[in-house]
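First comes the structure, then the notes that go with it.
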Amino acid sequence: MGLSAAEIIDSLPSLRLTVETHGLLAKKALGQNFLLDRNITDKIIRLSLEKQNKDSFAGDNIYEIGPGPGGLTRSILRQEPKKLTVIEMDDRCISIMKDLQARFKNRLEIINGDALTIEIKNRDEAPRHIISNLPYNVSVPLLTGWLKDIEHFKSLTLMFQKEVAERIMAPINTKDYGRLSILSQLNCKIEKLMDLNPNCFTPAPKIWSSVLLFRPLENRPSAQELKKLEHLTTLAFSQRRKMVRQSLKSINGISEKLESLGIEDTRRAEQISPQEYLKLASII
Ligand code: SAM
C-alpha cells in the first residue's frame, strides 16, 4: 500500500526551508502574502470541513488558486482529495509544486497560468470545491466569475481582505451594502470561518483578512435574471445617494413596477433588499 498524504507531507522539508531553497521573496504585484504556519492553514481547512459536516475531502475534486509556497496546499492534501488542481502564475511557485507532484503523482495537477482566464467549472467531475488564499488584486473578479457558475461547485472557501469580506456579507441599509453583497447573497449561503491578523502572513500586510465559506443556495437567480440584476444594480448603485425613481428612470414604467412590488420609489439603492432586487429584475 502507498503512503498516506499525511505521511508524504510529514516527510517533506519544512515550508520555511522550501521558501528559502527556492529563494521565494514575495512579489507585491502578484498579491503575495504567504501563510507559513501549519496551525493556521490546517485550521482553515478544518473549519471549512466542519461547517460542511465532512470528515475529509475524500472523493472530491479541489481547485486551489495561487498555491504559492504550498502551505494551504499541504493542508488540503492531508484531507485526501480525489485530485487537487493548483493554478499559479509564478514560475518559482510552479517549481515548488513540481517537487510536490513528484510525490503525489496524478493526485496533484498543476496549471501554470492566470486564474482569471482559466475555466474550471467542467474540468473534473463533481463534487468540486475551490479553496484559496486569494491574490487580493484579483479577488473580486475571480469571485464574481465563480458566482455566475456556482451550480458547478459544492463550496468555495476563500480568504479576502477583511474590508472586501465585509462588503460581501453586508446587510441592507449599511454603507458596505452594494452590488457584491447582492450578487453573493442571492447565490450563496455565506459564513465567516475566521479573521486573521496581519502577523499571520509573511510578509505581513497592512490589513486584516477574513476567510469565508460560500455554499450555493437551492433557489438561485436564473442566468437571465442575473443579467438583468447586473444592469439594475449598476444603475442603482452608480447613483447610490439618489432615490431609485431617479437612478432607475431609464427603465420603462419603473415607478409602476416598483409600486406593484410594494417598493416605494423614494428609497435609495441601499434600502432595497437582495430579494426585492431579484423580484424587480424578473419584471423588467
Ligand atoms: N496560497 C499561498 C499561501 O496561502 O501562502 C499563497 C497566497 S498569495 C496571497 C496569492 C498567490 O496567488 C500567489 O502565490 C500568487 O503568485 C498567485 N497569483 C496571483 N495572481 C494570480 C492569478 N491571476 N492567477 C493565479 N495565481 C495568481
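Whatever order the structure lists them in is the order used to number ligands and atoms, beginning at 1.
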Is a side-chain donor or acceptor of [X] paired with a backbone partner of [Y] at a separation under 3.5 angstrom?
X      : Y      : value
Ser11  : Ile8   : yes
Arg128 : Asp124 : yes
Glu270 : Lys175 : no
Ser155 : Arg215 : no
Asn137 : Ala29  : yes
Glu80  : Ala58  : no
Lys257 : Ile284 : no
Gln271 : Thr266 : no

For ligand 1, which atoms have a heavy atom of [X] less than 4.0 angstrom away?
X      : value
Gly113 : 24 (N), 25 (C)
Ile87  : 25 (C), 26 (N)
Asp114 : 22 (C), 23 (N), 24 (N)
Phe34  : 5 (O), 6 (C)
Pro67  : 1 (N), 2 (C)
Leu35  : 3 (C), 4 (O), 5 (O)
Ala115 : 22 (C), 23 (N), 24 (N), 25 (C)

Which segment of [X] sits under 4.0 Å of ligand 1 when only heavy atoms are counted:
X      : value
Ser132 : neither
Asn33  : backbone
Glu64  : side chain

For [atom], what's the nearest protein heavy atom and its distance?
atom                    : result
atom 4 (O) of ligand 1  : Asn133 ND2, 2.9 Å
atom 16 (O) of ligand 1 : Glu88 OE2, 2.6 Å
atom 22 (C) of ligand 1 : Met89 SD, 3.2 Å
atom 19 (C) of ligand 1 : Leu30 O, 3.2 Å
atom 27 (C) of ligand 1 : Pro135 CG, 4.0 Å
atom 13 (C) of ligand 1 : Gln32 CG, 3.6 Å

Would [X] count as being in polar contact with ligand 1, using the rule that some N or O on each side must be under 3.5 angstrom apart?
X     : value
Leu72 : no
Gly66 : yes
Asp90 : no

- Note on the structure: When Gln52, Arg46, Glu50 are each screened for side-chain hydrogen bond (donor to acceptor under 3.5 Å, both in side chains) with Ser48, the one that passes is Gln52
- Message: Please tell me whether Phe160 and Phe34 are part of a single hydrophobic cluster in this structure, the criterion being side-chain heavy atoms less than 4.5 Å apart.
- Response: no
- Query: Hey, are Tyr136 and Asn33 close enough side-chain-wise for a donor-acceptor pair under 3.5 Å?
  - Reply: no
- Query: Should Gly31 be listed as contacting ligand 1, given a heavy-atom distance under 4.0 Å as the test?
  - Reply: yes
- Message: In terms of relative ring orientation, are Phe153 and Tyr63 parallel, tilted or perpendicular, with 30° and 60° separating the classes?
- Response: perpendicular
